[in-house]
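Shown next, in structure tokens, is the structure this report addresses.
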Protein chains: 2
Amino acid sequence: MKNWHSKLFTPGPTEVRPEVLQAMSTPQIHHRSPEFSELYAELQPKLQKFLYTDQTVFVFTCSSTGVMEAAVQNTVRKKCLNLVNGAFGKRWHQITKACGLPCEALENPWDVAIKPEQVEQQLRSGEFDAVTLVFNETSTGMMNPLPEIAEVVKSFPDVLLLVDAVSAMGGVKIEFDRLGLDVLLAGVQKAVALPAGITICAVSDRALARAEEVKPKTYYFSFPVMLKYHKKNQTPSTPSIPHLFALNAQLDAMFEEGLERRFARHEEMASLVQAWAKKHFDIYPEEGYWSKTLTCVKNTRGINVAELNRTLVEEHGMRISNGYGDLKEKTFRIAHMGDLTTADIRGLLSTIDMILGL
Amino acid sequence: MKNWHSKLFTPGPTEVRPEVLQAMSTPQIHHRSPEFSELYAELQPKLQKFLYTDQTVFVFTCSSTGVMEAAVQNTVRKKCLNLVNGAFGKRWHQITKACGLPCEALENPWDVAIKPEQVEQQLRSGEFDAVTLVFNETSTGMMNPLPEIAEVVKSFPDVLLLVDAVSAMGGVKIEFDRLGLDVLLAGVQKAVALPAGITICAVSDRALARAEEVKPKTYYFSFPVMLKYHKKNQTPSTPSIPHLFALNAQLDAMFEEGLERRFARHEEMASLVQAWAKKHFDIYPEEGYWSKTLTCVKNTRGINVAELNRTLVEEHGMRISNGYGDLKEKTFRIAHMGDLTTADIRGLLSTIDMILGL
């Protein structure tokens, strides 16, 4: 079975449906043609509906990492508070530092959620005017309490909230306007279930205004430059047009499924995996903060994770992920996101049971 | 015929062959899997052969504009000389300024090539340690004398030469090592004939060393970060995997055609279009510097360019480009690059003859 495609139960890239892959192959159109502007104009209200916003949604041609950089470059004027309880929170701090922006990290152990009180205490200093939060830590399966943190940040009128929703967007409801978010970004290779290559980024009007003031030291990631072309239904440089075709098709498919039903499906898949994990192993992050899109299983049985994955790939055409970095053999990660079904999840769990003799 | 796909004779995006589009749809693999590293490792020697280099070739997930930013961010320590004789030369200067890097523009009228003597005179000041050059100006069909300029820059040992080869790479031979270039970048939607979304970027060892010293104020575009993962046959963040599959297929196709034959085909296509343009119109840039991949025709007959293109698109399923910016109606541009054939070019020119009654 060596050459079979491995079905991805990894927390991104996730499995992409053949119809969506096919949309990637649409013959190319010119990015300065009326056909392109039509496509762009068609995408905007769909993206707004998808993120529950009336404000602007950009699509950048790059990985999420690039738009993490865009977010801080365009908004940090005084100092940025980086909330860190996992690899991607840490990365955002590294990025902010690399960009030469004043910043400070609030670090929790990786299995402990960021608590709204911690954020409040930091912001009371008055030093900060931007906060970065990873909503759903792909490295640990931790879902930080976004609504509660957003509530706290809202009470500091000068502070903007920048949210990495990479492995949540498309699997969990995120109401951009109601929560009062300022930047919400996600690469599409997770719960949106497209191939990697573009990043969706909702931006509030006040973040756009802040960017005008800040004058970001970047051209490619500049919100004002993006906005100028956005108003003409264009992008400043040639975007990945195949991804835009695929995104358009996938948004239609998500509306056809129904966003609420899509989120409910993710809840159900999460329950299945988490019940299984509790029964046979344990779950890494503290209870109450388990992700709806991926589960980080604590390897309490001391199984050989690499070996389990090898058997899954080679004999069953399925792939899960080992733990991230230092957690490599201490945990393993099962994604339950995107276009996977509860039946897919049952199939995977039964197969693991069989392999491990559970 | 409204819904027919328009065959692109535009200077990017160019026409992409169906087989290459199909490669975009390969089922997704995980970017931290052995399969991915195999793909990455397979690409590197092919890219090196393609660019005549033994040094490092990165592939960034972004438009060329992003990698223009990467180039200056990683190499400018003292001051950058931006050579400007077209829209993209100008953009590189804007980008350098936006990044907050010390820089100066040497500007020529857009129909006048950058001359090696001009560069030499500037560099003699000793102020500069990096030079940006647009080899093939997509906005004007001007091919600046790269080998001669490279020769001059070489005589200033501390100065790095950064080359935008966006609409040339894949259509014209560029010997990275022999010319002693330091950064050579190109989006793939031009003469490489892939959909837009990734940018190829060869980097010299001394540019990599410079980047270590400079500490670029970016994470996404940092050469040292890219290099760290490159050594493991990986990328720092999830790349556009569909584009890498397509690039792999297209490099194979280019070697099958033969690089020399591919370049000769571009010469032949250029001769056809330029002979036609001289006969019926004129050519915009000064003689001796006409691009091999696109021709910017001077609209000496005062035809309605928008109307010609509309007729081409709507009645014949072909698209050319109007002039860039202010040159919109004063010129029009015909691309003869990528996987187009001399027969395609003859078909286009005869059709234009018929429409205009030439």
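Lettering follows sequence order; numbering is per chain, from 1.
Within residues 28-37 of chain B, the residues having any heavy atom closer than 4.5 Å to a heavy atom of chain A are Gln28(B), Ile29(B), His30(B), His31(B), Ser33(B), Pro34(B), Glu35(B), listed by residue number. Heavy-atom neighbours of chain B within the stretch residues 319-326 of chain A, taken at a separation under 4.5 angstrom, comprise Arg319(A), Ser321(A).
Taking the six-membered ring where the residue is Trp, Tyr220(B) and Phe221(A) present perpendicular rings, their angle passing 60° and hence far from 30°.
Of the listed residues (Ser222(B), Ala23(B), Pro239(B), Ser64(B)), the greatest number of heavy-atom pairs within a distance under 4.5 Å of chain A belongs to Pro239(B). Looking only at heavy-atom pairs under 4.5 Å with chain A, the residue among Leu101(B), Ile198(B), Ile95(B), Val16(B) that has the most is Ile95(B). Of the listed residues (Met24(B), Arg91(B), Lys97(B)), the greatest number of heavy-atom pairs within a distance under 4.5 Å of chain A belongs to Arg91(B). With chain A as partner, the option from Ser240(B), Gly100(B), Gly197(B) having the largest number of non-hydrogen pairs under 4.5 angstrom is Ser240(B). Taking Pro13(A), Pro216(A), Ser237(A) one by one and counting their heavy-atom pairs under 4.5 Å with chain B, the maximum is reached by Pro13(A). Interface remark: of the candidates Gly187(B), Pro18(B), Gly12(B), Gly12(B) forms the most heavy-atom pairs closer than 4.5 Å to chain A. The candidate with the highest count of non-hydrogen atom pairs below 4.5 Å against chain A, out of Thr14(B), Thr65(B), Thr26(B), Thr238(B), is Thr238(B).
At distances below 3.5 Å, not a single donor-acceptor pair connects side-chain atoms of Glu69(A) with backbone N or O atoms of Thr218(B).
Of the atoms belonging to Pro236(B), it is backbone heavy atoms, and not side-chain ones, that fall under 4.5 Å from chain A. Leu8(B) touches chain A through its side chain: at least one heavy atom from C-beta onward sits under 4.5 Å away, while N, CA, C and O do not. Looking at Gln73(A), only its side chain comes within 4.5 Å of chain B, counting heavy atoms on both sides. Contacts of Gln22(B) with chain A are made by both backbone and side-chain atoms, with heavy-atom separations under 4.5 Å. Contact annotation for Pro195(B): both backbone and side-chain heavy atoms come within less than 4.5 Å of a heavy atom of chain A.
Shown here is Lys232(B), whose NZ atom has more than 12 heavy atoms of other residues, nucleotides or ligands within 6.0 Å.
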